[in-house]
Participant: 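My questions will all concern the structure given below.
A, B, ... follow the sequence lines: proteins, then strands. Residue 1 opens every chain. Just so it is clear, the structure is predicted and the values come from calculations on it, not from any experiment.
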There are 2 protein chains.
Amino acid sequence: MRIGELASRAGVSVRSVRYYEEQGLLTSTRSPSGQRHYTDGEVERVAFIQRLYAAGLSSRTIAELLPCVDAPSEEHSDSALERMAQERDRLSAHIADLVRTRDALDALMVTARAYREQLGTALAG
Amino acid sequence: MRIGELASRAGVSVRSVRYYEEQGLLTSTRSPSGQRHYTDGEVERVAFIQRLYAAGLSSRTIAELLPCVDAPSEEHSDSALERMAQERDRLSAHIADLVRTRDALDALMVTARAYREQLGTALAG
DNA sequence: CTAAAACCTCACATTGATGTCAGAGGCAAG
DNA sequence: CTTGCCTCTGACATCAATGTGAGGTTTTAG
């Protein structure tokens with residue numbers, strides 16, 4: 001498929017797909033005229049890249065981890081495994097932080113609702 | 001306390017504290033010479049602002065929610081409550097997404113480790 | 001008193017992923 | 001062949017929080 005279809009299937013912009021390639025996260029075969037062509041598998045790859053971006057990984061970091069996805073080998077596994085563990089921990093901490101913040105929002109909402117209830121009662125009484 | 005102490009206690013930069021004030025998230029009393037002074041309570045407030053930033057809320061959104069923290073009243077509670085619920089849901093979805101990504105990383109690590117084990121066995125055998 | 005350290009305002013720089021535009025070429029349908 | 005849509009490269013714009021530096025005042029410590 002060409003870049004437009006890949007982008008829409010993966011739910012990203014065409015611009016982003018080109019950017020991923022520029023960052024070395026994605027490769028494409030080129031038609032004689034220079035247009036990029038992709039296989040079905042690339043859709044999942046692009047989606048995964050998006051997930052990693054959403055998780056706060058930088059292009060540089062993603063570039064270090066993706067070879068590990070493609071083919072596990074000694075060279076990758078050694079340094080990449082450490083990096084992966086490190087990112088996993090960072091992600092875990094971030095998740096815990098977000099959960100705490102969500103709890104804080106919940107508490108805030110409870111307070112606000114309680115105030116509303118009380119106000120309603122006061123007006124009715 | 002002055003801005004430097006507030007910043008270091010809350011774990012943010014002085015620059016950021018000034019920025020928060022500029023965005024209407026924080027107020028300060030000024031000494032005759034114009035220096036900002038804060039109460040102990042502001043430390044927690046700044047830390048909370050940071051949490052909200054980390055949760056992906058914009059200055060604008062935070063500005064809409066903070067009055068609700070200061071004092072629950074009808075005006076705030078009505079629109080702010082809705083906004084809060086909305087942000088809470090967005091946050092929940094984001095957390096779920098991150099957890100999925102973490103799981104994917106875990107799976108990747110398992111694969112890499114398994115490869116290593118197998119490699120070690122192969123070399124030993 | 002003096003020097004260092006902290007503060008002030010203003011303004012410009014940075015970062016990183018993405019948007020957008022321009023000008024040119026490719027490809028399928030009528 | 002032409003019309004319309006897709007793609008190409010390259011460059012500049014954007015956004016938002018934060019960094020950074022200049023030039024000047026205030027506070028604090030010796």
Participant: Please tell me which of Ser58(A) and Ser31(A) maps to the more 5' nucleotide of DNA chain C, matching each residue to the nucleotide holding its nearest heavy atom.
Facilitator: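 Its nearest nucleotide being more 5', the pick is Ser58(A).
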Participant: The criterion is salt bridge (Lys or Arg N to Asp or Glu O under 4.0 Å); which residues satisfy it with Arg15(B), sequence neighbours excluded?
Facilitator: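 Arg15(B) satisfies salt bridge (Lys or Arg N to Asp or Glu O under 4.0 Å) with no residue once adjacent residues are dropped.
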Participant: Take atom CZ of Arg15(A) and atom C1' of dT7(D), then tell me their distance rounded to the nearest Å.
Facilitator: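 Taking atom C1' of dT7(D) as the reference, CZ of Arg15(A) is at 14 Å.
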Participant: Please list, chain by chain and in numerical order, all residues satisfying ring pair (Phe, Tyr, Trp, His ring centres under 6.0 Å) with Tyr53(B), sequence neighbours excluded.
Facilitator: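 Tyr53(B): ring pair (Phe, Tyr, Trp, His ring centres under 6.0 Å) contacts with Tyr20(B).
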Participant: For the pair made of OH in Tyr19(A) and P in dA11(D), what is the distance, rounded to whole Å?
Facilitator: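 Atom OH in Tyr19(A) sits about 17 Å away from atom P in dA11(D).
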Participant: My understanding is that only residues two or more places apart in sequence, or in another chain, count here; which of them pass salt bridge (Lys or Arg N to Asp or Glu O under 4.0 Å) with Arg51(B)?
Facilitator: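 Partners of Arg51(B) under the salt bridge (Lys or Arg N to Asp or Glu O under 4.0 Å) test: Asp97(A).
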Participant: So, OP1 or OP2 of dT18(C): does either fall under 4.0 Å of a side-chain N or O from Tyr53(A)?
Facilitator: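 Answer no for this pair, as no side-chain N or O of Tyr53(A) is under 4.0 Å from OP1 or OP2.
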Participant: Show me the pairs that pass ring-ring contact (aromatic ring centres under 6.0 Å, His included) and involve residues 27-49 of chain B, at least two apart or across chains.
Facilitator: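 Applying ring-ring contact (aromatic ring centres under 6.0 Å, His included) to every pair that reaches into residues 27-49 of chain B, excluding sequence neighbours, yields nothing.
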Participant: Does Ser58(B) have any side chain to side chain donor-acceptor pair (under 3.5 Å) partners at least two apart in sequence or in another chain, and if so, which?
Facilitator: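 If we apply the side chain to side chain donor-acceptor pair (under 3.5 Å) test to Ser58(B), skipping adjacent residues, the hits are Thr61(B).
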Participant: For the pair made of CG in Leu57(B) and P in dA16(D), what is the distance, rounded to whole Å?
Facilitator: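 Distance check: Leu57(B) CG to dA16(D) P gives 14 Å.
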Participant: Regarding Glu21(A) and Ser28(A), do their side chains bring together a donor and an acceptor under 3.5 Å, going by distance alone?
Facilitator: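 Yes - a donor-acceptor pair under 3.5 Å links their side chains.
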Participant: Under 3.5 Å between N/O atoms: give me all the protein pairs with nucleotides 5-8 of chain C, atom names plus distance.
Facilitator:
| from | atom 1 | to | atom 2 | distance (Å) |
| --- | --- | --- | --- | --- |
| dC7(C) | OP1 | Gly4(B) | N | 2.5 |
| dC8(C) | OP1 | Arg36(B) | N | 3.0 |
| dC8(C) | OP1 | Arg36(B) | NH1 | 2.8 |
| dC8(C) | OP2 | Arg18(B) | NE | 3.0 |
| dC8(C) | OP2 | Arg18(B) | NH2 | 2.9 |
| dC8(C) | OP2 | Arg36(B) | NH1 | 3.4 |
| dC8(C) | O5' | Arg36(B) | NH1 | 3.4 |

Participant: Over how many whole Å does the gap from Leu25(B) atom CG to dA17(D) atom C1' extend?
Facilitator: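 Nearest whole value for this atom pair: 12 Å.
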Participant: Which part of the nucleic acid, if any, lies within reach of Gln50(B) when heavy atoms closer than 4.0 Å are counted: base, sugar-phosphate only, or nothing?
Facilitator: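 Contact class for Gln50(B): sugar-phosphate only.
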Participant: Where along residues 90-105 of chain B does a heavy atom fall under 4.0 Å from DNA chain C?
Facilitator: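 Of all residues in residues 90-105 of chain B, none places a heavy atom under 4.0 Å from DNA chain C.
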Participant: May I ask you to say what Glu22(B) touches in the nucleic acid, namely base, sugar-phosphate or nothing, with a heavy-atom cut-off under 4.0 Å?
Facilitator: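 Nothing: the residue Glu22(B), judged by heavy atoms under 4.0 Å, touches no strand.
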Participant: Asp103(A): which residues meet the salt bridge (Lys or Arg N to Asp or Glu O under 4.0 Å) condition with it, sequence neighbours left out?
Facilitator: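 None.
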Participant: Among residues two or more places apart or on two chains, list those pairs meeting ring-ring contact (aromatic ring centres under 6.0 Å, His included) that have a residue in residues 87-107 of chain A.
Facilitator: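 Listed once each, the pairs would be none.
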Participant: Run the salt-bridge test on Glu5(A) and Arg36(A) with the 4.0 Å N-O cut-off and return the result as yes or no.
Facilitator: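 So Glu5(A) does not pair with Arg36(A) through a salt bridge.
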Participant: Quick one: Arg60(A) CZ to dA17(C) P, roughly how many Å, whole number?
Facilitator: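 That distance rounds to 12 Å.
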Participant: Could you tell me how far apart Glu21(A) (CD) and dT7(D) (P) are, to the nearest whole angstrom?
Facilitator: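 In whole Å, dT7(D) P and Glu21(A) CD are 14 Å from each other.
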Participant: Looking only at side-chain N and O atoms, does Ser16(A) come under 4.0 Å of OP1 or OP2 in dT18(C)?
Facilitator: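 Answer is yes, contact under 4.0 Å.
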Participant: Measure the distance from CD on Gln23(A) to C1' on dT18(C) and round it to the nearest whole Å.
Facilitator: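 For the pair Gln23(A) CD and dT18(C) C1', the rounded distance is 12 Å.
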